Undergrad: 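Before I ask anything, let me first share the structure, which is written out below as structure tokens.
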Amino acid sequence: MITMGMQSGTATAGPDTSKLGKPDAGELPVKLSAPQRADLLKAASDTRAETAKALKLGAKEQLKPRDVVKNADGSVHTRYERTYDGLPVLGGDMVVHETKSGTIEGVDKATKARIEVATTKATEKAPSLKKEAAEPRKVIWAAQGKPTLAWETVAGGTQKDGTPNELHTITDARSGEKLFSYQGVHNGTGNSQYSGKVTLGTSGSAGSYSMNDTGRGGHKTYNLNRGTSGTGTLFTDADDVWGDGTATNTQTAAVDAHYGAAETWDYYKNVHGRSGIRGDGVGAYSRVHYSSNYVNAFWQDSCFCMTYGDGSGNQAPLTSLDVAAHEMSHGVTAATAGLIYSGESGGLNEGTSDIFAAAVEFYANNPDDVGDYLVGEKIDINGDGTPLRYMDKPSKDGASKDSWYSGIGGVDVHYSSGVANHFFYLLSEGSGAKEINGVKYDSPTYDNLPVTGIGIKDAEKIWFKALSEKMTSNTNYAAARTTTLSAAADLFGQSSAQYTAVANAWAAVNVGSRPGGGDPGGGDQYENTDAYRIPDPGTVESPISVTRDGNAPSTLKVGVDITHTYRGDLRIDLVAPDGTAYRLKNTSTTDSADNVKATYTVNASSEKASGTWKLRVTDIYRTDAGTINSWKLTF
């Protein structure tokens with residue numbers, strides 16, 4: 001169990017951002033037209049061989065550009081997929097950063113492992129499939145350590161609740177062992193049911209109008225009429241006045257879905273310079289009235305579409321503004337970082353959709369559905385008027401997690417997303433009790449220390465820059481901290497209040513430590529600032545001599561600052577004066593992020609405080625090297 005700290009005091013508005021610096025205009029993305037984006041991707045494709053050579057990729061590796069961001073300073077950030085001997089490399093994606101002159105200044109890779117397998121000939125057949133499945137394909141699986149020749153199969157049909165099924169399963173093509181699996185379907189003037197009277201983008205003329213928003217990439221909204229497959233029928237109307245605000249009118253759900261899609265399109269274009277979900281100016285489409293009594297909504301990359309059920313009793317369609325923004329944002333994530341929908345990356349995927357759902361609500365500024373940090377507050381899935389999720393304190397829903405812990409990767413992604421949601425709320429609004437747009441919040445922190453918010457407008461820019469330019473398919477929470485700090489440094493500077501707030505907000509959800517020695521507890525601190533090289537492989541110990549009466553506390557804080565590429569190689573222990581070892585961090589073949597800068601909490605109440613404590617660091621694997629820069633104990 002994690003004990004949460006509460007701050008007292010009440011505020012009636014968001015944080016005071018008047019003294020915060022403005023973002024560096026050069027680091028913000030420019031609005032690319034579809035032809036401009038296509039030209040950048042073509043240029044990347046034309047020079048992909050030279051880029052692969054510059055990155056020292058193997059002779060059998062090729063790059064395929066998938067997405068691109070251009071900033072106002074002329075820098076270009078191109079996202080590539082990789083192939084090996086013609087096979088797709090899953091988990092081999094990377095973002096290459098180039099200056100205005102075309103010089104490569106950095107790269108973010110999903111894996112640091114060298115892509116190489118002994119043979120591309122499979123000795124095991126692909127698993128047998130049911131009729132409703134796509135043909136298996138041979139791939140290189142590189143998302144979990146050593147690259148492996150594998151089969152990827154995608155099962156079809158439906159899940160237990162009626163949601164379409166796109167279960168991806170990865171199996172070793174030489175042993176037949178199952179390596180990984182993840183779900184490809186991401187759940188989640190008109191008179192609307194939730195947003196009042198709204199303006200819709202339609203086409204046609206008197207007597208024959210359709211829900212075809214030609215001003216937003218041709219986004220269309222269709223009526224499935226309780227069906228579960230196909231596109232359905234495009235909504236049409238004679239007088240261009242749609243719905244009546246009630247669930248019994250079939251057009252009403254379409255109004256909400258169409259409006260939500262328009263507001264989300266406008267948000268990404270006007271705030272982040274992204275034209276459409278893929279950035280290519282092409283609209284997705286929406287399907288409403290899916291099945292009967294279906295209490296869900298979902299995004300599918302395969303159809304590039306959102307689908308909405310009508311809820312319990314077919315009276316509460318899941319078409320509210322934040323749900324629409326949530327589903328479309330799954331598409332944005334798929335087109336950018338491609339966060340795998342499982343483990344910690346899956347929690348970040350879901351959290352990203354909740355984050356931008358809140359951002360779209362605040363952007364829309366609709367008095368009938370005000371901006372808030374609640375998810376699904378309008379659709380009443382629980383039947384008691386409570387929202388689906390809370391961003392200020394995620395655990396209020398009974399299942400979501402407020403803070404990171406070592407086993408969170410095994411939690412359902414809709415609940416492990418609580419860490420990202422909580423971080424974003426704290427970064428935007430800060431901790432403690434307050435009221436915003438009539439909604440009361442009271443956000444705790446893991447370390448019992450307060451967080452000062454920077455406002456949602458700066459927070460959303462930081463998260464989007466990290467997502468679109470720095471995160472990769474297997475980014476975990478520790479890596480999300482690194483990428484958001486990097487984004488904050490780019491936009492506002494490393495000495496900015498925004499940068500410090502990012503670090504504090506992550507520490508407040510138990511990801512990393514506070515900057516400047518802001519460890520909780522307020523007790524005596526003992527620190528060793530001597531550098532110790534970590535043998536590769538091998539073990540090193542850094543000592544601290546403690547002179548203190550009594551026993552150590554049950555909340556002994558161990559602050560660690562280690563530089564090491566591919567930190568998954570490292571095992572870290574705190575060794576008490578009597579030789580008892582307390583494990584702080586295990587090795588991991590999937591944790592490819594760099595460096596360990598974190599504060600761990602140890603129940604050392606059975607140990608005498610006085611004596612020599614040691615930080616023991618063991619590098620298990622050869623190749624990547626590192627150094628203990630410093631570490632400290634806070635009693």
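All values reported here derive from a predicted model rather than from experimental measurement.
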Undergrad: Test E361 against N366 for side chain to side chain donor-acceptor pair (under 3.5 Å), laying out the working first.
TA: CA-CA 8 Å; E361 272 194 349; N366 187 316; over 6 Å; no

Undergrad: Please step through salt bridge (charged side-chain N to carboxylate O under 4.0 Å, His left out) for the pair K434 and E429, ending with a clear verdict.
TA: CA-CA 9 Å; K434 60 194 65 184; E429 304 295 343; 5.6 Å; no

Undergrad: If we ignore hydrogens and angles and just use 3.5 Å, is the side chain of T17 paired with the main-chain N or O of L20 as donor and acceptor?
TA: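 Absent.
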
Undergrad: Apply the ring pair (Phe, Tyr, Trp, His ring centres under 6.0 Å) test between H168 and each candidate in F180, W141, Y182; give the one that qualifies.
TA: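 The option that passes is Y182.
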
Undergrad: Ignoring hydrogens and angles, state whether a donor on the side chain of D301 or W299 is under 3.5 Å from an acceptor on the partner side chain.
TA: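 D301 vs W299: donor-acceptor pair found between side chains.
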
Undergrad: Using a 3.5 Å distance criterion without hydrogens, assess whether the side chain of Y194 forms a donor-acceptor pair with backbone atoms of P317.
TA: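 Yes.
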
Undergrad: Rounded to the nearest 0.5 Å, what separates atom OG in S345 from atom CD1 in I340?
TA: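 These two atoms lie 5.0 Å from each other.
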
Undergrad: Could you state the interatomic distance from CG (D322) to CG (D369), rounded to the nearest 0.5 Å?
TA: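 These two atoms lie 6.5 Å from each other.
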
Undergrad: Run the side chain to side chain contact (heavy atoms under 4.5 Å, CB included) test on D354 and Y373 for me, step by step, so that the C-alpha distance in whole Å, both residues' side-chain angles and the decisive distance to 0.1 Å come before the verdict.
TA: CA-CA 9 Å; D354 284 349; Y373 295 94; over 6 Å; no

Undergrad: Could you tell me the separation between the CZ atom of R389 and the OG atom of S395, rounded to the nearest 0.5 Å?
TA: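 Separation between the atoms: 14.0 Å.
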
Undergrad: Parallel under 30°, tilted from 30 to 60°, perpendicular over 60°: which one fits the rings of F298 and Y290?
TA: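 Rings of F298 and Y290: perpendicular, as their planes differ by over 60°.
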
Undergrad: Assess whether atom NZ of K112 is packed by more than 12 heavy atoms of other residues, nucleotides or ligands within 6.0 Å.
TA: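 Enclosed.
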
Undergrad: Once rounded to the nearest 0.5 Å, what's the spacing between atom CG of N476 and atom OG1 of T482?
TA: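 Taking CG in N476 and OG1 in T482, the distance rounds to 8.5 Å.
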
Undergrad: Sequence neighbours excluded, which residues qualify as side-chain contact (heavy atoms from CB on, under 4.5 Å) partners of S416?
TA: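 Per chain and number, S416 pairs via side-chain contact (heavy atoms from CB on, under 4.5 Å) with I408, V411, V413.
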
Undergrad: Mind listing the side-chain donor-acceptor pairs of residues 451-461 below 3.5 Å, one per line with the distance, residues two or more places apart or on another chain?
TA:
{"from": "D458", "atom 1": "OD2", "to": "Q498", "atom 2": "NE2", "distance (Å)": "3.1"}
{"from": "E460", "atom 1": "OE1", "to": "Y267", "atom 2": "OH", "distance (Å)": "2.9"}
{"from": "K461", "atom 1": "NZ", "to": "K457", "atom 2": "O", "distance (Å)": "3.3"}

Undergrad: Using only atom types and a distance under 3.5 Å, with no angle test, would you say the side chain of T475 pairs donor to acceptor with the backbone of A479?
TA: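 Checked: no pair found.
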
Undergrad: Does F304 reach the side chain of R278, with side-chain heavy atoms less than 4.5 Å apart?
TA: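 Yes; the side chains approach each other to less than 4.5 Å.
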
Undergrad: Give a yes or no on whether the backbone of E27 and the side-chain of D490 come within a donor-acceptor separation of less than 3.5 Å.
TA: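 Checking the backbone N and O of E27 against the side chain of D490, no donor-acceptor pair under 3.5 Å is found.
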
Undergrad: Is Y363 atom OH crowded by more than 12 heavy atoms from other residues, nucleotides or ligands, each under 6.0 Å away?
TA: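 More than 12 within 6.0 Å, yes.
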
Undergrad: Atom NZ of K470 and atom OG1 of T336: how far apart are they, to the nearest 0.5 Å?
TA: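 With rounding to 0.5 Å, NZ (K470) is 13.5 Å from OG1 (T336).
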
Undergrad: Has the side chain of D108 got a donor or acceptor atom that lies under 3.5 Å from a matching backbone atom of V95?
TA: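 No, D108 side chain to V95 backbone: no donor-acceptor pair under 3.5 Å.
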
Undergrad: What verdict does the side chain to side chain contact (heavy atoms under 4.5 Å, CB included) test give for V509 and W404, after you've listed the backbone C-alpha separation in whole Å, the side-chain angles of each residue and the deciding distance to 0.1 Å?
TA: CA-CA 6 Å; V509 295; W404 183 90; 5.9 Å; no

Undergrad: The test is side chain to side chain contact (heavy atoms under 4.5 Å, CB included); show your working for I379 and V295 and say whether it passes.
TA: CA-CA 10 Å; I379 55 179; V295 189; over 6 Å; no

Undergrad: Does R274 qualify as a cation-pi partner of F464, given the criterion of NZ or CZ under 6.0 Å from the six-membered ring centre and within 45 degrees of its axis?
TA: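 R274 over F464 ring: no.
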
Undergrad: Do any N or O atoms from the side chain of N382 and from the backbone of D384 form a donor-acceptor pair under 3.5 angstrom?
TA: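 Checked: no pair found.
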
Undergrad: Can N365 and V370 be said to form a side chain to side chain contact (heavy atoms under 4.5 Å, CB included), step by step?
TA: CA-CA 6 Å; N365 196 26; V370 297; over 6 Å; no

Undergrad: Rounded at 0.5 Å granularity, tell me how far CD1 in I355 sits from CH2 in W463.
TA: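 Taking CD1 in I355 and CH2 in W463, the distance rounds to 4.0 Å.
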
Undergrad: So which of T634, D447, T601 actually passes side chain to side chain donor-acceptor pair (under 3.5 Å) with K557?
TA: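 Exactly one candidate clears the test, T601.
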
Undergrad: Between Y425 and Y441, how do the two ring planes meet: parallel, tilted or perpendicular, split at 30° and 60°?
TA: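 The rings of Y425 and Y441 sit tilted, inter-plane angle from 30° to 60°.
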
